[in-house]
Amino acid sequence: MLKQYSLKLPHAVYGGDDAMEQITDILKTNGAKKVAIFTDKGIEKAGLFALPEAAVKASGVDYYVLDELPAEPSYEAVQKLIDEFKRSGADFIVACGGGSVMDAAKLASVLVTDDYGVKELLDTPGMAKKCVPIILIPTTAGTGAEVTPNAIVAVPERELKVGIVNENMIADYVILDARMIKNLPRPIAAATGVDALAHCIECFTGNKANPFSDIYALEGLDLILNNIEKTCDDPEAMEEKNRMQIAAYYGGLAITASGTTAVHALSYPLGGKYHIAHGVSNAILLAPVMRFNSEDPEVKKRLALAYDRCCHGEKNCETVEEKCAWMIRRIEEIVEHLDIPKSLKSFGVPEEDLEGLVQAGMQVQRLLTNNRRLVTEADARALYLEIM
Ligand SMILES: NC(=O)c1ccc[n+]([C@@H]2O[C@H](COP(=O)([O-])OP(=O)(O)OC[C@H]3O[C@@H](n4cnc5c(N)ncnc54)[C@H](O)[C@@H]3O)[C@@H](O)[C@H]2O)c1
Ligand SMILES: [Zn+2]
C-alpha cells in the first residue's frame, strides 16, 4: 500500500533583495483597510520593526501595532493579545518576529470570533476557520513557523507546551529577508538554528517521512550543516545567513509534509515547566535521541544517506555505521561550537523531577508516534537521565 502524503503551502513566498517591499503591493492588491502588525519588544529594540513598518506605511493603509508578547508565551498571554487584535478591527495581519510572534499572529488569524479561543483550540484544534489574511516575516532562522500549520503555546497548568495544528493557519504570504537575522544575538541564532536542524533531521528519519518532506529535509540539512557556525559567528556572513533562512523555511515545509518526532516530544515539558528556550531544549536532546533512534536500521540507513548528501569535505566514512556515527558527532560538534548547554545542569532541574518529566513527555503522543523507534516510558526515563 502506498503511504498517503500531502503538502499545503503558502500562496506566495518572497525572498532576496527588496522582498520586504512586496508587502506594499500585497496590501494594495488585497484591498486591506487596517493592518495589525504583530511583533515584540526584542524586535523593536533590535531596530527591525522599521523595515516592515515602512512597507506597510507605503501602502497608505491604517495600522495598529501589537507588541506586548513575551517569548514562548502561554495560551493566556496569546489570548490577551488576540482580544486586543479583535478590538482593533484590523482586516489584515503582518507579523514580524520569531516563532513566538508568528505563532500568536497565526492564532489571531483564525480566532476573530467570540465563540471560542486559544484554550478551546488546545483540545479541538480543527474547529478554527480562516478569518484574516496574514503575511509572516521570520526574524530567526529558525522555527519554520512562517510555513507550518502549527502554533505552539505553553500550558502552565499542564507544565507542558502544546502544538495546535490547523491548516487554516498556513500563511498567505511569507517574506524571507536575510537583513532580519543579520544581528540576531549569537545565543538566539545558535538555539534557533539547531531547532531548524532538529526539524530537518527528525522529519527525514521519522515515521511520516515521504517524498515531499525528504526533499526539503535533506536540502535543509545540507544547508544547515554547512552554514550554521559561520552564520552564528560572523555578522557579515550574509550569504550563509540567507542559506540558513532558506533552510529554516525548508525545515518548516518538512514539518508540514511530515512531522517532528521524539526530540520535540521530550523537549515540550522542558519548555513548559522550566522555560528552557525551544531551540536549547531540542539541542540538548538532539544527539542523545538520534543515538537512541539510530538503533533502528531504517534510521541508521537514513542518517548514512544524509552523510552522503551533506558531508562535502574528505569523505572518510565507508560503512553505514561510520556514516551514522559521523552525523551524530557532527550534531554534537555544532552544539559544542555554538556554546549551547549539553545538559540540564545549568537549568536547575532536580533529579527528583525525573518522573514528572517522563510522565509529561509521554503525553506528547502526537509526536512520539512519529518516531520510528518506539519510545517506551523506560526509554524516556533513560533519555532524560542521560541529559540530567
Ligand atoms: N509553529 C511552529 O511550527 C513552531 C516550530 C518550532 C518552534 N515553535 C515555537 O516558536 C517559539 C520560539 O521561537 P523562536 O525560537 O524563533 O524565538 P522567539 O520568537 O521566542 O524569540 C526569542 C527572543 O529573540 C528575540 N529576537 C527574535 N528575533 C530577533 C532578532 N532578529 N534580533 C534580535 N532579537 C530577536 C525576541 O524578541 C525574543 O526575545 C516557541 O514557542 C516554539 O515552541 C513553533
Ligand atoms: Zn522546533
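As the structure lists them, so they are numbered: ligands from 1, and atoms in each ligand from 1. Numbers here simply count residues along the sequence, with the first being 1.
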**OP:** Can you measure from CH2 (W326) to CG (D308) and round to the nearest 0.5 angstrom?
**Re:** 10.5 Å
Original post:
Measuring to protein heavy atoms, does anything land under 4.0 Å from atom 21 (O) of ligand 1?
Top reply: no
Original post:
Quick one: does I255 get within less than 4.0 Å of ligand 1, heavy atoms only?
Top reply: no
Original post:
In Å and rounded to the nearest 0.5 Å, what is the OG to CG distance from S59 to L27?
Top reply: 4.5 Å
Subject >> Angle subtended at the Zn ion (ligand 2) by OD1 of D195 and NE2 of H199, nearest 10° >> reply: 90°
Original post:
What class does the angle between the rings of F212 and Y5 fall in, given that below 30° is parallel, 30 to 60° is tilted and above 60° is perpendicular?
Top reply: perpendicular
Subject >> Proximity of Y274 and F347 rings by center, below 6.0 Å >> reply: no
Original post:
Below 3.5 angstrom, do we get any N/O pair linking S100 and ligand 1?
Top reply: yes
Subject >> Options P149, A71, A141, ranked by nearest heavy atom to atom 39 (O) of ligand 1, top entry >> reply: A71
Original post:
Is there a donor-acceptor contact under 3.5 Å linking the side chains of Y173 and Q22?
Top reply: no
**OP:** Please test R309 against E219 for salt bridge (Lys or Arg N to Asp or Glu O under 4.0 Å), starting from the C-alpha separation and ending with a verdict.
**Re:** CA-CA 9 Å; R309 170 70 177 272; E219 177 65 16; 2.5 Å; yes
Original post:
Under 3.5 Å, N or O to N or O, is G144 touching ligand 1 that way?
Top reply: no
Original post:
What do you reckon, does G97 put a non-hydrogen atom under 4.0 Å from ligand 1?
Top reply: no
Original post:
Does some non-hydrogen atom of M102 fall short of 4.0 Å from ligand 1?
Top reply: no
